Structures are given as C-alpha cells and as structure tokens.
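Worksheet: one structure, shown below.
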Amino acid sequence: MTNNLTSLNRGFVSLVGAGPGDAELLTVKGYRVIGQADVVVYDRLVSAEILALANDKAEMIYVGKKLDFHCVPQQQINQLLVDKALEGKRVVRLKGGDSFIFGRGGEELEILAEHNIRFEVVPGITAAVGATAYAGIPLTHREHAQAVQFITGHVQKDGQEIDWHAVAQSNATLVFYMGLKQSGYIADKLLTHGLSQDMPCAIIENGTRREQKVHRGDLVDLAILAKQAQSPALIVVGSVTTLHEKLDWFESC
Ligand code: SAH
C-alpha cells in the first residue's frame, strides 16, 4: 500500500529545450508544459520571455552554468530534480537549445531513470540550427556541403581529444559549440589536418536574438575574428558560410 502510494505521488519531469534565444522558436509542446509546471529548473541561456510563460505560482530555480564556472554542481542539479519529483511535483527542466545537444540532458535522465521517476523529452531547436537559419547560412547545400558535424570546442578540459582527421572534411559544414576561447587551437588543428587557410568560416554571436552578429572571414583568421565576438557564439566552418552575404535576412530586417 505504502509503495503504491509512493509511486502515485511521484512527480513527472519534462526535459524541455528552450531553443537558442528567440522565444517564438519554443515548440508548442514546450509552451504547454512550461505553463503547467509546479517547478521550473532553468539554465543561464534561457530567455526571460520564456521564463515568463511559467505560472505565477511556479517555483523558479536557477542552476545556470558558465564556462569554467559552475554555479550549481551537476550532481546537485540531478538531486534537485529527483527531490522535486519525489515531492510529487510537475517539474520542467528547461535548457537552452536542445537538451541532448551538449546539454547534459542524457545524464540528468539517467539519474531519474535510476529512481524510477517518469519523464519526457521535449526537443528544442539547437543553436546550430537556429543561429545558422537566422544568419542565412544553410547547413547543407548541394554545391557546398553533404554533411554537418556538431562538435564541442570545449576540447581540452573535456579530456577526450577530438578525432581531428575525421572532423577536417572540406565537404562538410563544421559547427563548434563553446569554441570561442579555443578558436586558435581549433583553427590550428583544422589547418594541420588538411583544411585550407582560405576555407570560409563564420562566428555567429547571440544567434536568433535581436543582438545577433555574424563575423565572416577565413579559417586562418579565426582567432582574430573570435576576439571581436561575444558569447554565446558558434563557430561555423565551411563554404556554406559565404552564402551569408547573399541570404542574410535577419540582421537586415
Ligand atoms: N544545448 C544547447 C547548447 C549548450 S552548449 C543547444 O542545443 O543549443 C552552449 C553553447 O551553445 C554556447 O557556448 C554557444 O556555442 C552555443 N549557443 C547557445 N545559444 C547560442 C546562441 N543564441 N547563439 C550562438 N551560439 C549559441
């Protein structure tokens, strides 16, 4: 009986991707579950407009992280989700972009699964998709790129080195997340593994937000471009980036 009651009282966690910035890029499903939540546990990159969709009575808990500076350790976030769910709450775990793309969504769900807590995943538009769309840079294009790679630029601290040989493909578009600080290293590796110095690239800062800026140049100048860019930013390497000049629609709106 007690066990039955405990399982009935268990809450539910929705892992929701908030998209890259523009609040209108939230999914209809994300919009609904945020409005129904008792507790919203959110990260730094979630916009104020999206947080405002929560019920006035919802408990709002900020657990944001910055590169090299973790406000709340991951283990504590995991525990918080478990605790709130065990209190029987409807919890929304809200993250920037998509939770499964460099968002540690998988790690958080593993802990919930280990505690037999029910959950769902509501995908979001990841920065690579949103920011390039708003910059007029198609990730694939028959004349430019037949593949796309999403790569973490947070290379050294993560421990595992990237397989640069596999990454440095001139017929693929490369999108580096969290790469601004490591841009010099990334460019060096791509050049030594065969990409040419004049391979076009772009840095998109604040993608899909009103402050969005696109910096364009060649791979050899990537570190210089990165110095002019603000975080959050994506590095895009590949000849598709030249289409920005022709297809840019957002900054000129
Ligand atoms: N889960 C997120 C990524 C989190 S990692 C997603 O799917 O988008 C954080 C990195 O995402 C930042 O360092 C930056 O590289 C990128 N990023 C997030 N929002 C961005 C935005 N609006 N414009 C450009 N890059 C962004």
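Note: hydrogens, waters and symmetry copies are ignored here, and every other heavy atom, side chains too, is used. Treat the numbers as computed from the prediction; the structure is a model and nothing was measured. Order of listing sets the numbers, starting from 1, for every ligand and every atom in it.
- In this structure, a donor-acceptor pair under 3.5 Å is present between the side chains of Glu108 and Gln74.
- When every heavy atom of Trp164 is checked against every heavy atom of Lys189, the shortest pair comes out as CD2-CB, 3.4 Å.
- Remark: the Gln182 side chain and the His154 side chain contain no N/O donor-acceptor pair separated by less than 3.5 Å.
- If you look at ligand 1, the protein residues with a non-hydrogen atom under 4.0 Å away are Pro20, Leu45, Gly96, Gly97, Asp98, Ile101, Phe102, Thr126, Ala127, Tyr177, Met178, Ile204, Asn206, Gly207, Pro232, Ala233, Leu234.
- Within the model, atoms CG of Leu26 and OH of Tyr31 stand 9.0 Å from one another, a figure rounded to the nearest 0.5 Å.
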Exercise for the section: Check the pair Lys57 / Asp38 against salt bridge (Lys or Arg N to Asp or Glu O under 4.0 Å), numbers first and verdict last. Expected result: CA-CA 7 Å; Lys57 295 196 185 80; Asp38 302 311; over 6 Å; no
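- His115 contributes a side-chain N or O that, together with a main-chain N or O of Ile111, makes up a donor-acceptor pair within less than 3.5 Å.
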